[in-house]
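These notes are about the structure you will find just below.
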2 protein chains.
Amino acid sequence: MKALSKRRAGVTIYQVAQRAGVSIATVSRTMRDSDLVTPETRARVLAAVEELGFTPSRLGRSLAEGQHAANGIVFPDLIGPYYAEVVLGYEEVAADLGRSVLILATHGRRDAAAQVLELANRVDGMVVMGRTVGDEVVERIAASGPPLVLVARDPISTVDTIRTDNERSARELAEHLLAHGHRRFAFVGDPDDSPDVAGRYAGFAAGLRAGGVPVPAPVRCSFDIEAGRAAAEALLRRRSRPQAVVCANDEVALGVHTAATEAGLTVPDDLAVTGWDDVMAARFAGLTTVRQPMRELGATAAHWLHDRITERGSDRSRPPSAVRSQVLPTQLTVRRSCGTHRTGPPPREVQT
Amino acid sequence: MKALSKRRAGVTIYQVAQRAGVSIATVSRTMRDSDLVTPETRARVLAAVEELGFTPSRLGRSLAEGQHAANGIVFPDLIGPYYAEVVLGYEEVAADLGRSVLILATHGRRDAAAQVLELANRVDGMVVMGRTVGDEVVERIAASGPPLVLVARDPISTVDTIRTDNERSARELAEHLLAHGHRRFAFVGDPDDSPDVAGRYAGFAAGLRAGGVPVPAPVRCSFDIEAGRAAAEALLRRRSRPQAVVCANDEVALGVHTAATEAGLTVPDDLAVTGWDDVMAARFAGLTTVRQPMRELGATAAHWLHDRITERGSDRSRPPSAVRSQVLPTQLTVRRSCGTHRTGPPPREVQT
DNA sequence: ATGAAAGCGCTAACAT
DNA sequence: ATGTTAGCGCTTTCAT
């Protein structure tokens with residue numbers, strides 16, 4: 001069979017060189033804006049480039065340079081605004097720094113590790129977010145792959161990590177709920193599911209403990225409205241119904257809210273509900289929640305990665321700079337759903 | 001200066017070959033699972049691969065194969081669930097087909113064209129969505145670049161296009177509002193901004209015209225809550241306030257809703273409001289809107305692209321298959337915000 | 001200022 | 001079944 005299985009090549013540097021009557025080195029120099037080319041030669045080359053419609057092959061260039069000029073980012077999915085915002089912040093900065101962006105959504109697939117490793121092979125640096133792959137994978141890449149930045153997951157030695165604060169705001173939230181007079185609590189969400197949820201539960205528990213109130217075991221559920229609703233339906237059937245339900249994120253809280261309303265309960269009078277993330281719907285549902293700087297998370301990661309890539313490119317005898325770790329602050333946003341305030345006018349979009 | 005600007009190479013196929021005492025061809029065959037290698041040789045090679053921690057270079061492989069094994073997608077941003085869902089649907093299918101995904105958010109940057117062209121250089125096929133770059137760019141890539149699929153933008157000859165229906169549902173929406181008794185309308189959104197909005201305005205206008213009601217000029221605004229709110233504030237100050245406001249998307253509608261409430265008006269009694277997209281907040285705000293199959297949009301694009309890439313890879317003497325074009329159906333979702341129904345019980349999540 | 005040539009790491013046709 | 005070798009398209013010494 002004569003089928004050409006290989007993609008037909010475009011215009012190459014050789015054709016341009018021939019057309020301009022110069023060597024490929026000169027064409028290359030012209031394309032890279034080297035000043036070792038006389039204006040006349042340059043003009044001749046440019047003319048040939050124009051006539052032929054030449055665009056340097058990224059593959060050829062990358063192979064020769066040993067650089068992809070691309071960054072990767074690994075996240076679980078794009079459902080809900082959280083990851084989308086992080087990715088957006090990341091992409092924007094990376095693009096400004098002249099780097100293309102490869103994405104990988106793991107969707108909880110079991111072959112995620114292989115895909116992440118494959119991605120590591122296509123980029124000069126990458127971000128790995130929580131809930132995607134285990135530390136073994138991260139450690140392997142850290143050891144022999146491109147520079148890494150961890151986002152929203154527990155740090156491991158030698159790898160830069162950037163997170164948002166969970167414990168502090170969760171504790172603040174618990175204290176706020178206690179101040180409302182609530183004494184029977186529930187936590188909906190799975191601390192084993194992600195470091196973020198673990199931190200939120202820990203802060204929540206610390207707050208209750210400090211208030212001398214018993215800490216409930218978490219009601220485990222996944223990150224969506226339906227899961228929250230199902231969890232709440234079970235919760236509301238208990239003999240001793242909780243007065244306040246703290247949820248792992250806004251979707252879950254919105255599900256709990258829906259279930260409560262459907263059960264004939266009024267939020268917050270019969271049941272207080274809180275979320276996390278401050279998604280758009282939270283505002284319209286009057287949900288008390290915690291806002292976190294999602295875009296900044298992505299943007300910072302992109303900058304840090306760029307630093308690592310740049311330092312690795314330079315003198316390799318110099319030791320790499322110190323491992324960085326940062327926790328960005330979050331902001332409790334109080335709306336109606338956490339309970340009626342006992343004094344003063346009803347709060348509107350108060351932020352502490 | 002002695003700085004090694006070139007990235008230190010990893011383990012190469014040559015080192016593995018030497019270690020295993022075979023030629024690089026045999027190593028290559030082993031890695032590609034060719035059956036032209038005896039089990040013993042294969043084992044020896046695999047051992048060497050293991051000991052050395054060899055991973056084939058994607059760059060070397062791609063250059064030799066003339067294939068990136070990657071797809072691209074260009075969209076304006078990831079604000080709001082619309083593009084995020086499309087991207088997610090696209091990524092999921094592309095990953096299943098063994099292709100990495102490169103994203104490019106144009107953010108309305110003026111150098112978007114250059115970035116899109118650069119992206120075209122890194123992929124075997126790409127999706128271009130509306131509101132990103134002009135047809136000149138698309139046409140240029142169609143002529144000399146990788147296969148293309150257009151999503152949510154007007155078709156151009158020779159390029160596959162996939163859209164969701166705007167006119168039909170918009171007209172249905174207008175008819176529904178007329179049935180509520182509304183007679184003075186406003187449309188908030190910019191038809192010049194995207195083909196989608198143009199289609200929605202056209203359907204809306206057609207519906208009003210058929211009902212013998214004057215068609216208002218669009219109140220132009222961008223795609224966010226604040227813009228909608230600002231537009232509504234101006235609108236509500238007019239001497240003859242509209243009875244119903246049809247918005248280009250849910251964010252705008254939510255902004256209009258907010259402005260109306262702040263102005264002391266009740267939705268829908270004093271003002272009916274409708275959106276488009278059915279974002280999560282729409283449900284909690286009781287917003288009448290139109291749902292579109294966002295993920296399917298992305299998934300279909302990924303499949304079509306795969307077809308094109310595959311057919312191009314095979315016998316090039318065979319002409320390419322016909323240009324495809326498809327319009328996915330949308331679904332009017334009626335909630336409270338469009339007006340009180342004159343007969344029967346209040347509608348709840350009715351879908352027509 | 002320009003050219004010749006040696007890679008970069010791999011695949012695949014061809015030879016044995 | 002395995003090896004040899006010629007690319008793939010570019011960058012970058014090293015000469016001139």
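Chain identifiers are assigned alphabetically (A, B, ...) following the order of the sequence lines, protein sequences preceding nucleic acid strands; residue numbering begins at 1 within each chain.
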Worksheet item: So, is Ser28(A) close to the dT11(D) phosphate, meaning a side-chain N or O under 4.0 Å from OP1 or OP2?
Response: yes
Worksheet entry | Nearest-neighbour nucleotide for the Leu63(B) side chain, dA12(C), dG9(C), dC10(D) considered | dG9(C)
Fill in: Whichever of Gly60(B) and Ile24(B) has its nearest DNA chain D nucleotide further upstream toward 5'
Ile24(B)
Practice prompt. May I have the distance from Arg58(A) (atom CZ) to dG9(D) (atom C1'), rounded to whole angstrom?
Written response: 12 Å
Discussion item. Heavy atoms from C-beta onward define the side chain here; which of dT4(D), dT11(D), dG3(C) lies closest to that of Val22(A)?
Written reply: dG3(C)
Worksheet item: Choosing from dT11(C), dA12(C), dT2(C), which nucleotide comes nearest the side chain of Thr26(A)?
Response: dT2(C)
Worksheet item: Is the shortest distance from a Lys or Arg side-chain nitrogen in Glu65(A) or Arg32(A) to a carboxylate oxygen in the other one below 4.0 Å?
Response: yes
Worksheet, complete the sentence: Result for 5'-nearest mapping on DNA chain C, choosing between Gly21(A) and Arg29(B), is Gly21(A)
Fill in: Nearest listed nucleotide, side chain of Thr12(A), among dG9(C), dG3(D), dC10(D)
dC10(D)
Discussion item. Can you confirm whether Val74(B) sits close enough to Met129(B) that some side-chain heavy atom of one is under 4.5 Å from a side-chain heavy atom of the other?
Written reply: no
Practice prompt. Could you list by number each residue of residues 30-45 of chain A showing a heavy-atom separation from DNA chain D of less than 4.0 Å, or answer none if no residue does?
Written response: Arg32(A)
Worksheet entry | Nearest heavy atoms of Thr161(A) and Trp304(A), plus distance in Å | O-CZ3, 3.5 Å
Discussion item. Please report the distance, rounded to the nearest Å, between CD1 in Ile13(B) and C1' in dT11(C).
Written reply: 8 Å
Response to the item:
Of the listed dC8(D), dC10(D), dA4(C), the closest approach to the Pro56(A) side chain comes from dC10(D)
Worksheet item: What's the CD-P distance between Glu65(B) and dC10(C), to the nearest Å?
Response: 12 Å
Fill in: Residue among Asp196(B), Asp135(B), Asp160(B) satisfying salt bridge (charged side-chain N to carboxylate O under 4.0 Å, His left out) with Arg153(B)
Asp135(B)
Item to complete: Determine: side-chain N/O of Ser23(B) to OP1/OP2 of dG3(D), distance under 4.0 Å, yes or no.
Response: yes
Discussion item. How many whole angstroms separate atom CD of Gln67(B) from atom P of dC10(C)?
Written reply: 18 Å
Worksheet item: Starting at CG of Leu59(A) and ending at P of dT11(C), how long is that distance when rounded to a whole Å?
Response: 13 Å
Discussion item. Using only atom types and a distance under 3.5 Å, with no angle test, would you say the side chain of Ser62(B) pairs donor to acceptor with the backbone of Gln67(B)?
Written reply: yes
Discussion item. Strictly distance-based, threshold 3.5 Å: is any side-chain N or O of Tyr90(B) a donor or acceptor partner for the main-chain N or O of Val101(B)?
Written reply: no
Worksheet item: Are the side chain of Asp124(B) and the backbone of His68(B) linked by a donor-acceptor contact shorter than 3.5 Å?
Response: yes
Practice prompt. Mark yes or no for a side-chain to base donor-acceptor pair under 3.5 Å between Tyr14(B) and dC10(C), with no hydrogen or angle criteria applied.
Written response: yes
Practice prompt. Give the rounded distance in Å between these two atoms: CZ of Arg61(A) and C1' of dG9(C).
Written response: 19 Å
Item to complete: Could you tell me the separation between the CD atom of Gln18(A) and the P atom of dG9(D), rounded to a whole number of Å?
Response: 15 Å
